[in-house]
Number of protein chains: 2
Amino acid sequence: MPADRPPTRIQKKNRAAILEAALNVFSAQGFRGATVDQIASEAGLSKPNLLYYFPSKEAMHNALLERLLDTWLDPLRELDADGEPLEELLGYVQRKLQMSRDYPRESRLFANEIVQGAPRIHAALSNELKALVDEKVSVLQDWMDQGRIAPVHPYHLIFSIWSLTQHYADFDVQVRAVLGEEDPFATAPGFMETLYRRLLTP
Amino acid sequence: MPADRPPTRIQKKNRAAILEAALNVFSAQGFRGATVDQIASEAGLSKPNLLYYFPSKEAMHNALLERLLDTWLDPLRELDADGEPLEELLGYVQRKLQMSRDYPRESRLFANEIVQGAPRIHAALSNELKALVDEKVSVLQDWMDQGRIAPVHPYHLIFSIWSLTQHYADFDVQVRAVLGEEDPFATAPGFMETLYRRLLTP
DNA sequence: CGTGACTTTGACCAGTTGGTCAAATCAGGA
DNA sequence: TCCTGATTTGACCAACTGGTCAAAGTCACG
């Protein structure tokens, strides 16, 4: 563990390689299923060397989760209260869907954590996450009150967007087993657009 | 391991207790996260005693998954080609939602397995599951062709039902963290009905 | 109540895993 | 080049975990 002066070139490179490898392994095996040795070999480093950069396996996991929550909520943050309601929501849906396509490992890391009761990020859910959702829900509520989108339970509306979009990353195996050759991400955007347009058009 | 004559009273009781305990532990911790000792103590038996009834930890897990897939698909099997299309679909949605409320452990067991790539039930997904879905999709397609429900991508329609309903079991912690006091299952059925009614009414 | 099959368990074992440590090696500024 | 701090690693541990086994206890039925 080097002193807390600015990180060297080597530190940056190795820390990044470790997190990249850890993301692969944790997202595929879950926290307990992952072993430090696996991560080390995936990162091309020795196990003691990993533990030189991160004090423990849990620290790697935490570093990933911390970085993740922010990225994960970005699409929702972009929802603009001053935009055209339906287009804003459809935009949010498509951004979220793209994240499932482009960052499936992150989605699964998150899913693993939540399914098992979110032991490590429970606080963040009740604080940051809840605060952001509450804020955006009040925007949705205003739009509904003004008759600019159809009235529906705003929290369930957001849950539905989360679950529908993340399903394609988290349950990827199942989706592909059922669909066969067809690429889910070719047809999903159209389906989503239809669904939310019909649901929300006043 | 007793002979293969009919199971005794004790065998029945203990096997059931073990599976019940295993469901608790596996659904909360995942396969690798669960330990045989945990399951044993939860079942009120000793570890060697568990391994007298099941040859290995994996055998317990398999026994659960096997029993699960059938139960899990029952609501979809009930979808009746001769019924009134919209009502049939809404009925399916509500049955699936009830399963999430009444059997959250089973839902999470399944989720854990799929998120990690379904290593143990991949075959069942491509066979039984795909066959059933294909069959029901052709029913949906007929309904759409006849103009009895609005045309949408039928596979995505089914995925959407799965993801929306299971979300309330699998991501329960997150849902409750955001909702606070409100019981999700009080308001979800209404939301779902609205959603699918608007999506599917021709 | 005796007997053979069924059940239970304490003690144990080998493999795995997270983590440590001292010694060796390397990088780069003076 | 030399020196100091940064980096790397082989060898090790202790704890945990899945699984074994022989011996002891219990059950049901003739």
Side-chain angles (χ1 to χ4, degrees), chain A residues 1-65 112-113 116 119-120, chain B residues 1-65 112-113 116 119-120:
Chain A
M1 33 184 122
D4 53 355
R5 62 194 74 181
T8 69
R9 171 181 59 85
I10 296 180
Q11 276 171 41
K12 273 189 205 166
K13 192 191 64 174
N14 283 349
R15 262 192 237 272
I18 292 169
L19 288 180
E20 171 72 12
L23 179 56
N24 279 336
V25 178
F26 282 134
S27 69
Q29 324 259 57
F31 180 76
R32 297 242 2 213
T35 74
V36 179
D37 270 318
Q38 257 175 89
I39 301 175
S41 103
E42 185 112 349
L45 298 171
S46 68
K47 179 167 68 162
N49 206 2
L50 287 218
L51 295 168
Y52 168 75
Y53 286 103
F54 292 87
S56 69
K57 175 183 171 184
E58 181 143 9
M60 301 173 208
H61 197 247
N62 284 344
L64 284 174
L65 284 179
N112 265 306
E113 176 69 9
Q116 302 192 3
R120 291 162 242 280
Chain B
M1 35 186 123
D4 52 354
R5 61 194 72 183
T8 69
R9 170 181 59 87
I10 296 181
Q11 276 170 40
K12 271 188 206 166
K13 193 191 62 173
N14 283 348
R15 262 192 238 272
I18 291 169
L19 287 179
E20 172 71 13
L23 179 56
N24 279 336
V25 178
F26 282 134
S27 69
Q29 323 258 57
F31 180 75
R32 297 243 0 215
T35 74
V36 179
D37 270 316
Q38 258 175 91
I39 301 175
S41 105
E42 183 112 7
L45 298 171
S46 68
K47 180 168 68 165
N49 206 3
L50 287 218
L51 295 168
Y52 168 73
Y53 287 104
F54 291 88
S56 69
K57 175 182 169 184
E58 181 142 9
M60 301 174 207
H61 196 247
N62 285 342
L64 284 175
L65 284 179
N112 264 306
E113 175 70 10
Q116 299 190 4
R120 291 163 243 278

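We name chains A, B, ... by the order of the sequence lines, and we start the count at 1 in each one.
Atom-to-atom, CG of A:Leu45 to P of C:dC26 comes out at 16 Å; the value is rounded to the nearest Å. As rounded to whole Å, 6 Å separates atom P of C:dT7 from atom CD1 of B:Ile10. For B:Tyr52 and C:dG10, the OH to C1' distance is 18 Å, given to the nearest whole Å. Rounded to whole Å, atom P of D:dT20 lies 15 Å from atom CZ of B:Phe54. Protein atom CG of B:Asp37 is 12 Å distant from nucleotide atom P of D:dG19, rounded to whole Å. Note: CD1 (B:Ile39) to P (D:dT17) measures 12 Å, nearest angstrom. In this structure, A:Leu51 places its CG atom 16 Å from P of C:dA22, rounding to the nearest Å. Rounded to whole Å, atom C1' of C:dG10 lies 15 Å from atom CG of B:Leu50.
Dashed line: the shortest gap from a side-chain N or O of A:Tyr53 to OP1 or OP2 of D:dA6 is not under 4.0 Å. For C:dC6, neither phosphate oxygen OP1 nor OP2 lies less than 4.0 angstrom from any side-chain nitrogen or oxygen of B:Arg9. OP1 or OP2 of C:dT9 lies within a sub-4.0 Å distance of a side-chain N or O belonging to B:Asn49. At D:dT8, one or more side-chain N or O atoms of A:Asn14 fall inside 4.0 Å of OP1 or OP2 (strictly under the cut-off). Applying the 4.0 Å criterion to OP1 and OP2 of C:dT16, one finds that B:Arg32 has every side-chain N and O outside that range. Taking only side-chain nitrogens and oxygens, A:Gln11 never comes nearer than 4.0 Å to OP1 or OP2 of D:dA6.
Taking OG1 from B:Thr35 and NZ from B:Lys57, the interatomic distance works out to 7.0 Å, rounded to the nearest 0.5 Å.
Among the heavy atoms of the strands, none lies under 4.0 Å from A:Ala40.
Minimum interatomic distance between B:Glu113 and B:Arg120 (heavy atoms only, all atoms of both residues): OE2-N, 2.7 Å. Of all non-hydrogen atoms in B:Phe54 and B:Ala63, the two that sit nearest each other are CE2-CB, 4.0 Å.
Between A:Met60 and A:Phe31 there is no side-chain heavy-atom pair separated by less than 4.5 Å.
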task = Decide yes or no on side-chain hydrogen bond (donor to acceptor under 3.5 Å, both in side chains) for A:Asn112 and B:Gln116, but give the supporting numbers first.
result = CA-CA 8 Å; A:Asn112 265 306; B:Gln116 299 190 4; 3.0 Å; yes
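Interface remark: the A:Lys47 side chain does form a donor-acceptor pair with the C:dG19 base, using a distance-only criterion of under 3.5 Å.
Listed candidates were D:dT20, C:dC21, C:dG18. Nearest to the side chain of A:Thr35 is C:dG18. Considering only side-chain atoms of B:Pro48, the nucleotide from D:dG19, C:dC21, C:dA11 that sits closest is C:dA11.
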